[in-house]
Number of protein chains: 2
Amino acid sequence: MIRVAIVDDKINNRKVITDKLSRNNFFTLAFQAVNGEDFLIQMRQLPEDDRPHIVLMDLEMPEIDGVSAIGTASSLYPDIKFVVLTIFDDDDKIFRAIKAGACGYLLKEESSEVIIDMLMNLWESGAGPISPSIAYKILQIVQRPVAAGEKEKADPNLFQLSEREKEILQLLSQGLDYKEIASKVFISPNTVKKHCINIYQKLHVNSKAQALRIAYTKGLI
Amino acid sequence: MIRVAIVDDKINNRKVITDKLSRNNFFTLAFQAVNGEDFLIQMRQLPEDDRPHIVLMDLEMPEIDGVSAIGTASSLYPDIKFVVLTIFDDDDKIFRAIKAGACGYLLKEESSEVIIDMLMNLWESGAGPISPSIAYKILQIVQRPVAAGEKEKADPNLFQLSEREKEILQLLSQGLDYKEIASKVFISPNTVKKHCINIYQKLHVNSKAQALRIAYTKGLI
DNA sequence: TCAACAAGTATCCATTTGGAGTAATGTTTC
DNA sequence: GAAACATTACTCCAAATGGATACTTGTTGA
């Protein structure tokens, strides 16, 4: 059985998707979440063996949107396949979702058969499901010249860190401890620690090592 | 009527494709070419009004291959849609074809219906036709962090870490603590700790964060 | 003007970590 | 066979970390 989690703020959407999937008994619903925040919290509480294989993620949700959730979760749970399932098809959303770690991008207008077919295929061959019109936009993204020199800079606002927090994270990544950072930035070690804990919350982690993992893999530093 | 040109060195392939298209009377064959060179020459001699709307281009042909032909022709004839139709699906060919100006990439294994469907769609909506498995590869190209940059895979033995130590470092980088690593590797947390301290000594650091910094920046993980 | 929020400071407390030992197994190499 | 090393495991201890909570001070936006 393929465990699938559904993240969507609209209860009706969740129901529709659940219905679509339930027509095929290869899928079982791992859990539902109403936004990225909810998803990440539920994931953390979930026993490892109950984690979903595939996550269908809407974009544009309150609290934490799908892109951010994928960004965080794809670092924390690298084995899980994140598939965007949404009505949005603008280049920016597609690009950011892929960069964040989505392995597929489906439009909600797709039929149940197509969606199930593609998810089965994802499970069997690992090939991410992509709606045709989306595929073409992705191609255009590749086609676009890299513009000016190197920009390769991941969205620094992906996690909504404040300037100070980004600064602290930067110093943290250099292997400095609280005291060292404190003296470098002329604030109290207590404050550094406070910042760190705030950063962890925004990144949905609870240790320095995990935070650095995300920082490194998402290009925050 | 949509004028289609076919470029393929194998006469049999050309015949198969022609047959596939002829089942639908929206398409008419503009001309055939046996390689990129031949294609470009014929294009030059062709009256503007007879130019094809769509070109189905194989890769790997004598004289001038498909990628080069697309590169040249997409500059000379920007209104023509170039679609790769081939059996090759390796990342490099896909990437270079797209960069050269291909607006679609189809595998020959696709059925006539799918190909015709996608070409119709290209004509109507401008969306380039892309085989699903290719779409996923394109997505991965976008996903790839640097791609064309300096990769310089560092010598993994640079620090003379033992196999076990590399393994521990790997797990460490995933944000796991001693206990978690211990249970994953079936050894005592004490031993994990001992390994870590040994690793720190070899890396000449004295904290997890510093070790991870080196691991990330030196490509040890 | 009030609310929200970033930023700074602090304390308490439990857990985690790093450091320095000791020591028993095995390999491998000379 | 002995030296060198990898792997395993343990103890004691001091320091660092993370979480929770409380407070003040600015700035910004509704």
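Owing to the predicted nature of the structure, the values given are computational and were not obtained by experimental measurement. All chains are named by letter (A, B, ...) in the order of the sequence lines, taking the proteins before the strands, and each is independently numbered beginning at 1.
- Computed from coordinates, the B/Leu161 CG to D/dC5 P distance equals 15 Å when rounded to whole Å.
- Taking atom CD1 of A/Ile187 as the reference point, atom C1' of C/dA10 lies 13 Å away to the nearest angstrom.
- With hydrogens and angles disregarded, no donor-acceptor distance shorter than 3.5 Å links the side chain of A/Ser74 to the backbone of A/Ala102.
- In this structure, the side chain of A/Glu180 engages the main chain of A/Asp177 through a donor-acceptor pair within 3.5 Å.
- An OP1 or OP2 oxygen of C/dA10 is reached within less than 4.0 angstrom by a side-chain nitrogen or oxygen of A/Ser188.
- In this entry the distance linking CG of A/Leu172 with C1' of D/dT17 reads 11 Å, nearest Å.
- The aromatic rings of A/Tyr216 and B/Tyr216 lie parallel to each other, with less than 30° between the two planes, well short of the 60° mark.
- Whole-Å rounding puts the B/Leu169 CG to D/dT7 P distance at 13 Å.
- For the pair A/Tyr178 and A/Lys194, both in contact range of DNA chain D, the more 5′-proximal nearest nucleotide belongs to A/Tyr178.
- When heavy atoms are screened at a 4.0 angstrom cut-off, A/Asn190 is found touching base atoms of the nucleic acid.
- Nucleic acid contact class of A/Asn206 (heavy atoms, under 4.0 Å, all strands): sugar-phosphate only.
- The distance between atom OH of B/Tyr200 and atom P of D/dA16, rounded to the nearest whole Å, is 14 Å.
- Phosphate contact (OP1/OP2 of D/dG18, side-chain N/O of A/Lys208, threshold under 4.0 Å): absent.
- Nucleotides of DNA chain C nearest to A/Lys193 and A/Lys202 differ in position, and the one nearer the 5' end is that of A/Lys202.
- Counting non-hydrogen atoms under 4.0 angstrom, A/Ile197 reaches a base of the nucleic acid.
- Rounded to whole Å, the distance from CD1 on B/Ile199 to P on C/dG19 is 13 Å.
- Residue-level contact check: A/His195 touches the backbone only, with heavy atoms under 4.0 Å from sugar-phosphate atoms and none from bases.
- Among the atoms of the strands shown, base atoms are found under 4.0 Å from some heavy atom of A/Thr191.
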* **Pair B/Asn198-B/Ile168, side chain to side chain contact (heavy atoms under 4.5 Å, CB included): steps then yes or no** => CA-CA 11 Å; B/Asn198 290 339; B/Ile168 300 291; over 6 Å; no
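- Taking the ring centre of A/Tyr178 as origin, the terminal cationic atom of A/Lys208 falls inside the region bounded by 6.0 Å and 45° from the ring axis.
- Between the CG atom of B/Leu176 and the C1' atom of C/dT17 there is a distance of 15 Å, given to the nearest Å.
- Atoms CG (B/Asn198) and P (C/dA23) sit 17 Å apart, rounded to a whole Å.
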